[in-house]
Each structure stands twice: as structure tokens, then as C-alpha cells.
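The next block holds one structure in the form of C-alpha cells; read it before the comments.
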Amino acid sequence: MDSLAELVIAGAPVDEIAAQPLPAEYLAAHLRRADAGMFRGAADKDVRRSIRVGYVPMPELAPDEVVVAVMASSINYNTVWSAMFEPVSTFDMLARFARQGGFAARHDRDHQVIGSDVSGVVVRVGAGVRRWCVGDHVVVSPVYVDDQEPATHSDGMLGAGMLAWGYETNFGGLATYAIARASQILPKPGLLTWEEAACFALCGGTAYRMLVGEHGVRIKQGDIVVIWGATGGSGSFAVQLVKNGGGVAVGIVGSEAKADLARQLGCDLVVNRELLRIDAGTGLAEQSMAVGKQIGTAIRREWGEDPHAVFDHVGRETFGTSVFLARRGGSVVTCGSSTGFRHEYDNRYLWMNLK
């Protein structure tokens with residue numbers, strides 16, 4: 001551990017932290033450009049082979065950035081995509097970002113520090129930073145926006161300059177230090193541990209936008225919401241948002257152990273996919289229909305109606321069922337696609353039922 005990190009861990013006074021210089025390099029989980037083709041044509045894409053842990057150079061700090069000494073970080077599925085170099089190599093995305101010139105050019109390197117969630121202590125601020133000071137305890141949001149773009153001020157996610165920090169940018173959070181824009185920084189909630197504060201921004205923010213925010217489903221009291229992967233990162237936040245909003249949470253999981261966790265989270269109905277009846281040898285479309293009929297029957301047995309919304313971050317294996325399940329006029333919200341990006345579904349269940 002370098003001397004600056006030791007001061008942070010020890011809870012040293014702010015003036016001592018500010019006086020200690022940044023190290024010239026720091027320890028980080030990172031990818032190497034030279035490895036970008038290592039999984040091409042391979043069935044086994046074990047990211048333990050592509051994620052390296054070692055020292056990388058400290059980048060120059062832009063005027064609107066801060067350096068955060070990382071107290072805790074977490075792995076999201078975009079970290080897995082990065083490390084598999086799928087669906088495209090993140091080095092291609094870094095090169096595209098760097099073409100803007102200026103400080104963006106720093107991001108196109110032969111290594112990428114990955115990770116999109118962080119809690120930690122601010123140890124440096126750029127010359128243009130006003131709201132944050134050395135010593136602040138903070139959380140880093142993964143939403144990396146261009147605050148000089150007018151559209152960003154209406155909806156940062158729809159701004160053309162919006163990127164996923166630590167996935168489409170460099171200098172992410174799985175490291176001793178993270179470099180982020182001041183617009184990404186939030187105060188760390190005092191009631192949360194460092195670890196708790198480092199695991200909600202990406203998944204929690206995504207689930208909120210999909211289910212609660214003005215551009216999402218806008219769930220309301222009494223809505224029945226089907227949640228795939230209800231004990232995973234995004235799914236567990238979706239369950240809590242539905243329950244805290246007065247809705248009915250139907251959690252779909254893949255094992256009895258996960259079913260117990262889903263009940264503890266508050267799911268009103270839990271469906272274990274291992275127990276569903278699926279004919280061997282049937283295609284994806286037939287499986288989607290069979291699964292959808294069984295889940296739909298269970299929901300109607302409990303509440304006498306079809307779900308208002310389906311929360312689907314699983315993707316290829318589930319999307320056809322999601323479209324089948326939602327009621328007439330209902331909604332399917334999707335992100336991620338951890339089982340594959342190519343979704344197959346029967347379009348009649350979408351447009352004929354006005355979903």
C-alpha cells in the first residue's frame with residue numbers, strides 16, 4: 001500500500017492527505033489490449049484469464065475530475081463483458097471516445113482499469129471542481145455524462161455523450177484509486193458501510209430508471225411485476241423498489257436456495273425455474289411459451305389477472321416469455337441481457353396485445 005492510501009486507511013486529517021502527493025502508479029484490476037482476441041472462437045471464456053492485477057500509471061487529472069481512494073468496489077456484469085471483450089472490445093470504445101481529443105485522449109491506452117461502482121475518500125480535486133473537497137466520503141455513480149451538452153440537463157442518459165464509467169471509459173473502480181468526473185460524485189450515506197455503499201449505484205440506479213423513473217414503467221400501488229433473476233444485482237433492487245412502492249413482486253429464480261432469498265427480500269410469489277415442466281428437445285420459442293403459461297397460471301391463481309410489467313435483464317433465454325406474460329397494455333423493460341443479446345419472441349404477443 002502506498003503512503004497516501006495508508007493515510008486514508010488510518011483516517012488521517014484532511015491537511016495531511018492533501019499534502020501527500022499522488023503515487024506515480026497504483027494497483028488495479030485491468031485488461032490489456034494485447035489480450036483482446038484471446039477468446040475468439042473459444043467456448044470457455046473464463047475472465048480470470050483476462051483480468052490482470054498489477055500496477056498502472058496514474059493519469060493526469062482533468063479540471064472537472066476527482067481522484068477517489070477506493071474503500072470498496074464491486075463487480076457488475078459489464079465487468080464480465082469487458083473481460084470477455086464482448087459484444088465488442090472495450091478498447092474499440094475507448095478509441096472512439098478518445099477521438100474527441102483533449103483529456104478524452106488519455107483513455108485510449110494499452111490497458112483499461114475496469115469497474116463501475118465505488119465508495120471511497122476524495123484525495124484530489126481538479127481545478128474546476130467546486131462541490132467536493134479532499135476528505136469527503138463519497139459514492140461514484142457510473143453515469144458518465146458531458147455536462148456541456150444541453151440534452152444532458154434534460155436526461156443525462158439520453159445525452160449523446162453519456163458513457164458507462166469503467167466500461168466505456170478508463171480509470172474505473174476496481175483499483176486502489178478511481179478517477180471520475182465531479183458530476184458522478186454523490187455523498188456516501190452515513191448509515192451504509194463502505195461495502196454497502198459500493199454496490200447500489202449501477203444496479204440500483206438502473207432498476208429505478210426502469211421501474212420508477214419518468215422514462216420507465218412508473219409502477220404504482222397494486223401493480224403486479226414479474227422480476228427475472230430476483231436475487232441478482234438488478235433483480236434484488238427491483239424487488240425492493242416494487243415492494244416499497246406498494247406493488248406485488250413475482251420473483252423468478254433458478255434454484256431453491258435463491259427462492260429462499262427471494263422470499264426474504266419480500267417477493268409475494270416465487271417461481272423456481274428448476275421446477276417448471278419443459279419438454280426436452282424443444283426450441284427456444286416453444287420453451288418460452290411453456291414457461292410463460294406455467295408462470296402466468298400461477299399469477300392468475302393468486303391475483304386473478306396478468307402482470308402489469310415484466311423486468312427482464314436476463315435476455316435471450318427469457319425475453320420471449322416476458323413478452324408473452326405481460327398483460328394487454330402492459331410493459332416489458334429490459335437491460336443487460338446476461339444470457340445473450342439476441343432476443344427472440346413472437347411479435348403477435350407484442351403488437352396484437354398493445355404491449
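Along the sequence shown, the residues carry numbers beginning at 1.
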Selection residues 128-147 - residue pairs positive for ring-ring contact (aromatic ring centres under 6.0 Å, His included), sequence neighbours left out: F97-Y144, H137-W194
Sub-4.5 Å side-chain heavy-atom contact between T176 and D2: yes
CD-CG distance between E256 and N272, expressed to the nearest 0.5 angstrom: 5.5 Å
Any donor-acceptor pair under 3.5 Å from K188 side chain to L192 backbone: yes
Identified side-chain contact (heavy atoms from CB on, under 4.5 Å) counterpart of S73 within the set T79, I114, V118: V118
Donor-acceptor contact below 3.5 Å, side chain D136 vs main chain C133: yes
F319: partners by side chain to side chain contact (heavy atoms under 4.5 Å, CB included), with sequence neighbours left out: D312, V323, V332, T334, H343, Y345
Joint cluster assignment, W165 & V123, ILVMFWY side-chain distance < 4.5 Å: no
Whether Q112 side chain and T169 backbone form a donor-acceptor pair below 3.5 Å: yes
I75 atom CD1: more than 12 heavy-atom contacts under 6.0 Å: no
Side-chain heavy atoms of R109 within contact of N170, under 4.5 Å: yes
P142 backbone acceptor or donor facing S116 side chain under 3.5 Å: no
Side chain H308, main chain V225, donor-acceptor under 3.5 Å: no
Non-neighbouring partners of D155 that pass side chain to side chain contact (heavy atoms under 4.5 Å, CB included), sequence neighbours left out: M157, L158, R209, H215
Over 12 foreign heavy atoms within 6.0 Å of CG, L275: yes
Main-chain N/O of L7 paired with E16 side-chain donor or acceptor, under 3.5 Å: no
Check: D147 main-chain N/O paired with H153 side-chain donor or acceptor under 3.5 Å: yes
salt_bridge(D268, K243) N-O dist < 4.0 Å: yes
Worked verdict on T90 versus E168 for side chain to side chain contact (heavy atoms under 4.5 Å, CB included): CA-CA 6 Å; T90 50; E168 296 172 284; over 6 Å; no
Validation row: R40, F85 side chains within 4.5 angstrom (heavy atoms): no
same_hphob_cluster(V314, F237) at 4.5 Å side-chain heavy-atom cutoff: no
D35 and R52 ion-paired at < 4.0 Å: yes
Donor-acceptor contact below 3.5 Å, side chain S236 vs main chain G233: yes
Ion pair D223/K220, N-O distance below 4.0 Å: yes
Carboxylate-amine/guanidinium proximity below 4.0 Å for R263 and D260: yes
Heavy-atom check, side chain of V145 versus side chain of S183, under 4.5 Å: yes
Minimum heavy-atom distance between F324 and K293, given as atom pair plus value: CE2-N, 3.6 Å
V248-I295 co-clustered via ILVMFWY side chain contacts under 4.5 Å: yes
Neighbour count above 12 (heavy atom, 6.0 Å) for F103 CZ: yes
Side-chain heavy-atom pair V129, E65 within 4.5 angstrom cut-off: no
Pairs flagged by ring-ring contact (aromatic ring centres under 6.0 Å, His included) wherever residues 29-78 is involved - sequence neighbours left out: Y77-W81
Side-chain (S141) to main-chain (Q184) donor-acceptor, under 3.5 angstrom: no
Audit row: L269, W303, side chain to side chain contact (heavy atoms under 4.5 Å, CB included) steps and yes/no: CA-CA 10 Å; L269 173 67; W303 295 284; 3.6 Å; yes
N/O donor-acceptor pair under 3.5 Å between T321 side chain and V291 backbone: no
Greater than 12 external heavy atoms within 6.0 Å of Q221's CD: no
pair S331-K355: side-chain heavy atoms closer than 4.5 Å: no
Audit row: L22, V67, side chain to side chain contact (heavy atoms under 4.5 Å, CB included) steps and yes/no: CA-CA 9 Å; L22 288 175; V67 179; 4.1 Å; yes
Heavy-atom closest pair, residues S50 and A83: OG-O, 2.6 Å
Validation row: N76, Y167 side chains within 4.5 angstrom (heavy atoms): no
Compile the donor-acceptor pairs under 3.5 Å between side chains in residues 195-206 and protein atoms, sequence neighbours left out, one pair per line.
residue	atom	partner	partner atom	Å
E196	OE1	T193	N	2.9
E196	OE1	T193	OG1	3.4
T206	OG1	L202	O	2.7

Audit row: I9, M1, side chain to side chain contact (heavy atoms under 4.5 Å, CB included) steps and yes/no: CA-CA 10 Å; I9 292 293; M1 189 182 298; 3.9 Å; yes
Heavy atoms from other residues, nucleotides or ligands near CZ of R131 exceed 12 (cutoff 6.0 Å): no
Side chain proximity check, V121 to V68, heavy atoms < 4.5 angstrom: no
Aromatic ring pairing Y177/Y26, orientation class (parallel under 30°, perpendicular over 60°, tilted between): perpendicular
For D306, side chain to side chain contact (heavy atoms under 4.5 Å, CB included) partners two or more places apart: R300, R327
Distance, nearest 0.5 Å, that separates CG of D108 from CZ of R99: 9.0 Å
